[in-house]
Amino acid sequence: MAVGQAPAPGVRGSGASGDPTPRNSTRQVVLASLVGTSIEFYDFYVYATAAVLVFPHLFFPAGDPTAATLQSLATFAIAFVARPVGSALFGHFGDRIGRKSTLVASLLTMGISTVLIGLLPGYEQIGVVAPLLLALCRFGQGLGLGGEWGGAALLATENAPAGKRAFFGTFPQLGAPIGFFFANGLFLLLSEFMDDATFLSWGWRVPFLVSAVLVVVGLWVRLSMHETPAFAKVVARNERAKVPFARVFRSDLKALVLGTFIMLATYVLFYLMTVFSLSYGTAKTGLGYERSQFLVMLLVGVVFFGLTVPLAGWLADRYGRRPTLIFTTVAIIVFGLLLGPWFGADSGVATVTFLIVGLGLMGMTFGPMGAVLPELFPTAVRYTGASVSYNLASLLGASVAPYIATWLASSYGLGWVGVYLAAMAAITLIALIISRETRETSIEH
């Protein structure tokens with residue numbers, strides 16, 4: 001900053017260190033990145049679970065159950081169309097006005113959309129307007145989550161000490177298993193204490209309405225944060241991009257493409273292990289488990305998801321991002337080729353071990369992404385670049401994964417679902433081989 005120039009708004013000097021903004025404590029970083037993403041992923045997974053268990057019965061015409069499930073999964077996919085839009089929108093403001101304010105806005109967008117879903121009337125009350133309103137609220141969920149992840153990842157990595165960036169980057173990643181655990185755990189509790197008629201009448205609304213309380217908690221935590229040091233220096237040097245989205249495509253297109261395909265296998269794996277497995281596992285034409293029984297199995301698997309996320313971050317700091325992810329991606333290809341006989345064995349032990357291994361691999365591939373994607377982009381466009389690549393991968397992978405897997409399983413058999421997963425993981429493997437190692441990259445480059 002030039003002599004006599006006033007500090008940028010929201011940026012305070014820190015004395016002898018010369019750092020233009022106060023440092024956030026580790027506790028603040030953990031809480032703000034973890035609590036926010038846990039709430040956002042909770043909201044997202046509440047919808048994913050309801051899309052399989054509830055919405056086919058309430059928001060679509062009675063008739064073919066498979067057709068209703070596919071229609072419900074189609075509304076599930078709408079959010080993934082919205083997520084790249086949200087990443088561009090919130091990424092613009094995240095790179096222009098700061099990480100903190102943008103994260104507050106994304107959390108509000110997601111929370112309001114989720115609460116509104118819990119208030120919607122069904123198809124019997126308002127006819128075709130019901131699925132249209134459901135789709136609109138789902139779009140709002142996607143818009144909010146599109147801006148959430150990138151900001152939370154930057155909040156963690158841009159505040160990380162030297163040599164621990166990948167481990168700090170796992171804080172927002174832990175929001176995924178935590179959010180999933182609480183979303184499905186709440187559905188499980190409601191299923192245990194309500195009969196099916198009560199649950200379908202009003203019980204399913206409770207997880208959506210609970211989001212209002214969670215959002216208030218998340219806002220309180222995030223409003224106490226300071227801006228990240230890396231972004232504060234960009235502001236002080238007057239280096240902010242005028243149109244971050246355009247600059248990313250002009251100057252960092254290779255990083256954007258590689259980041260998208262590096263995330264592809266992660267998304268396909270996760271939504272096969274959660275949405276598709278729940279649908280197939282509880283369907284009479286699938287494995288035929290009771291809803292509550294399969295949710296318990298899923299929750300066991302999610303525990304291993306949560307345990308492997310920080311492990312993967314530690315390995316990525318110690319041995320590098322590329323080696324950790326290449327090894328994991330090869331393991332996902334092998335897992336995909338074994339998916340048919342393993343998941344289709346019609347055995348409780350086989351089902352639980354399948355979910356444990358699959359979700360454990362999910363933690364291993366998801367954990368380092370909180371550092372890898374931000375490290376691909378310079379500070380001035382990092383929010384936009386990391387968010388867009390993350391959410392383009394969601395559009396290419398997660399949005400269609402449950403639909404494609406359901407269609408493949410019903411048309412050609414369960415084994416082809418595994419081939420689909422292995423093929424997507426092979427694309428990720430190629431992207432990892434082409435990409436550069438980012439462990440030594442300066443977060444302020």
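The analysis underlying the following values was restricted to heavy atoms, covering all of them including side chains, and did not include hydrogens, waters or symmetry mates. All figures in this text were calculated on a predicted structure; none of them were measured in a lab.
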Checklist entry - Between L396 and F261, is a side-chain contact (heavy atoms from CB on, under 4.5 Å) present by the stated rule, with each step listed? => result CA-CA 9 Å; L396 296 175; F261 287 114; 4.3 Å; yes
Item to check | E158 vs R382, salt bridge (Lys or Arg N to Asp or Glu O under 4.0 Å): CA-CA, chis, key distance, verdict | outcome: CA-CA 10 Å; E158 290 184 350; R382 184 172 292 134; 2.8 Å; yes
Next on the checklist: Within the supplied structure, the quantity of interest is the number of heavy atoms (other residues, nucleotides, ligands) at a distance under 6.0 Å from E437 CD; does it exceed 12?
Outcome noted: yes
Checklist entry - Would F208 and V115 satisfy side-chain contact (heavy atoms from CB on, under 4.5 Å), going step by step from the backbone distance to the final call? => result CA-CA 5 Å; F208 290 91; V115 171; over 6 Å; no
Checklist outcome for this item: Sorted by chain and residue number, the side-chain hydrogen bond (donor to acceptor under 3.5 Å, both in side chains) partners of S347 (sequence neighbours excluded) come out as none
Checklist entry - Under the 3.5 angstrom rule, does the side chain of T384 hit a backbone N or O of V381 as a donor-acceptor pair? => result no
Next on the checklist: Under the ring-ring contact (aromatic ring centres under 6.0 Å, His included) definition, can you give me all pairs with a residue in residues 280-313, not counting sequence neighbours?
Outcome noted: F270-F305, F276-Y280, Y280-F343, Y289-F294
Checklist entry - Tell me, do L253 and V248 make a side-chain contact under 4.5 Å, heavy atoms counted? => result no
Checklist entry - Can you list the residues that meet the side chain to side chain contact (heavy atoms under 4.5 Å, CB included) rule with V400, with sequence neighbours excluded? => result I404, Y420
Item to check | Minimum heavy-atom distance A331-L361, with the two atoms named | outcome: CB-CD2, 3.7 Å
Checklist entry - OG1 of T328 to CG of L269: how many Å apart, nearest 0.5 Å? => result 10.5 Å
Item to check | Between OG1 on residue T428 and CD1 on residue I326, distance to nearest 0.5 Å | outcome: 11.5 Å
Checklist outcome for this item: Sorted by chain and residue number, the side chain to side chain contact (heavy atoms under 4.5 Å, CB included) partners of Y319 (sequence neighbours excluded) come out as L315
Item to check | Closest heavy-atom pair and its distance - L359, T308 | outcome: O-OG1, 4.2 Å
Checklist entry - Does the side chain of F168 reach to within under 4.5 Å of the side chain of P161, using non-hydrogen atoms? => result yes
Next on the checklist: The test is side-chain contact (heavy atoms from CB on, under 4.5 Å); show your working for T351 and L355 and say whether it passes.
Outcome noted: CA-CA 6 Å; T351 301; L355 293 171; 4.2 Å; yes
Item to check | Sequence neighbours excluded, every pair satisfying salt bridge (Lys or Arg N to Asp or Glu O under 4.0 Å) that has a member inside residues 319-328 | outcome: D317-R321, R321-E375
Checklist entry - How about F181: does its CZ atom have over 12 heavy atoms from other parts shown lying under 6.0 Å from it? => result no
Item to check | Partners meeting ring-ring contact (aromatic ring centres under 6.0 Å, His included) with W407 (sequence neighbours left out) | outcome: Y412
Checklist entry - How many angstroms lie between atom OG of S435 and atom CG of L325, to the nearest 0.5 angstrom? => result 8.5 Å
Next on the checklist: If you define the side chain from C-beta out and look only at heavy atoms, does anything of L307 sit under 4.5 Å from P177?
Outcome noted: no
Checklist outcome for this item: Sorted by chain and number, sequence neighbours left out, side-chain hydrogen bond (donor to acceptor under 3.5 Å, both in side chains) with N391 holds for R83
Checklist entry - Is there a side-chain contact between M369 and I262 (heavy atoms, below 4.5 Å)? => result yes
Next on the checklist: Can you classify the ring geometry of F55 versus F59 as parallel (below 30°), tilted (30 to 60°) or perpendicular (above 60°)?
Outcome noted: perpendicular
Item to check | Worked check of side-chain contact (heavy atoms from CB on, under 4.5 Å) between L116 and L120 | outcome: CA-CA 6 Å; L116 287 176; L120 289 179; 5.7 Å; no
Next on the checklist: Please give me the minimum heavy-atom distance between A50 and P56, naming the atom from each residue.
Outcome noted: O-CD, 4.0 Å
Next on the checklist: Holding to side chain to side chain contact (heavy atoms under 4.5 Å, CB included), I want the full list of residues that pass it with L136, two or more places apart in sequence or in another chain.
Outcome noted: none
Next on the checklist: List the residues meeting side-chain hydrogen bond (donor to acceptor under 3.5 Å, both in side chains) with S87, not counting sequence neighbours, and say none if there are none.
Outcome noted: none
Checklist entry - Does a donor on one side chain sit under 3.5 Å from an acceptor on the other, for T266 and T365? => result yes
Checklist entry - Does the ring centre of F180 sit less than 6.0 Å away from the ring centre of Y42? => result no
Checklist entry - Within the side chain of T170, is there an N or O that forms a donor-acceptor pair under 3.5 Å with the backbone of F167? => result yes
Checklist entry - Can you list the residues that meet the side chain to side chain contact (heavy atoms under 4.5 Å, CB included) rule with T353, with sequence neighbours excluded? => result W342, V349
Next on the checklist: What I want to check is whether the side chains of Q141 and T114 have a donor and an acceptor closer together than 3.5 Å.
Outcome noted: yes
Next on the checklist: My understanding is that only residues two or more places apart in sequence, or in another chain, count here; which of them pass side-chain hydrogen bond (donor to acceptor under 3.5 Å, both in side chains) with E148?
Outcome noted: S106, R222
Next on the checklist: To the nearest 0.5 Å, what is the distance between OG1 on T329 and CE on M424?
Outcome noted: 13.5 Å
Checklist entry - How far apart are the closest heavy atoms of L373 and S389, and which atoms are they? => result CD1-OG, 4.0 Å
Checklist entry - S101 versus F93: any side-chain heavy-atom pair under 4.5 Å? => result no
Item to check | Closest non-hydrogen atom pair between L134 and I117, with its separation | outcome: CD1-CG2, 4.1 Å
Next on the checklist: Just verifying a value: how many Å separate T102 OG1 and D95 CG, rounded to the nearest 0.5 Å?
Outcome noted: 8.5 Å
Checklist entry - Are the side chains of T282 and L278 in touch, meaning some heavy atoms are under 4.5 Å apart? => result yes
Item to check | L272 vs P402 side-chain heavy atoms within contact, under 4.5 Å | outcome: no
Checklist entry - What pair of heavy atoms forms the shortest contact from S277 to T274, and how long is it? => result OG-O, 3.2 Å
Next on the checklist: Is it the case that the side chain of T260 and the backbone of L256 share a donor-acceptor pair, with hydrogens and angles ignored and the cut-off at 3.5 Å?
Outcome noted: yes
Checklist entry - Considering only heavy atoms from C-beta outward, does the side chain of P244 approach that of Y383 to under 4.5 Å? => result no
Item to check | Check: D195 side chain, T198 main-chain N or O, donor-acceptor pair, under 3.5 Å | outcome: yes
Item to check | Y267: partners by ring-ring contact (aromatic ring centres under 6.0 Å, His included), with sequence neighbours left out | outcome: Y390
Item to check | Heavy atoms from other residues, nucleotides or ligands near CZ of F249 exceed 12 (cutoff 6.0 Å) | outcome: yes
Next on the checklist: What's the separation between atom CD1 in I332 and atom CG in L429, rounded to the nearest 0.5 Å?
Outcome noted: 10.0 Å
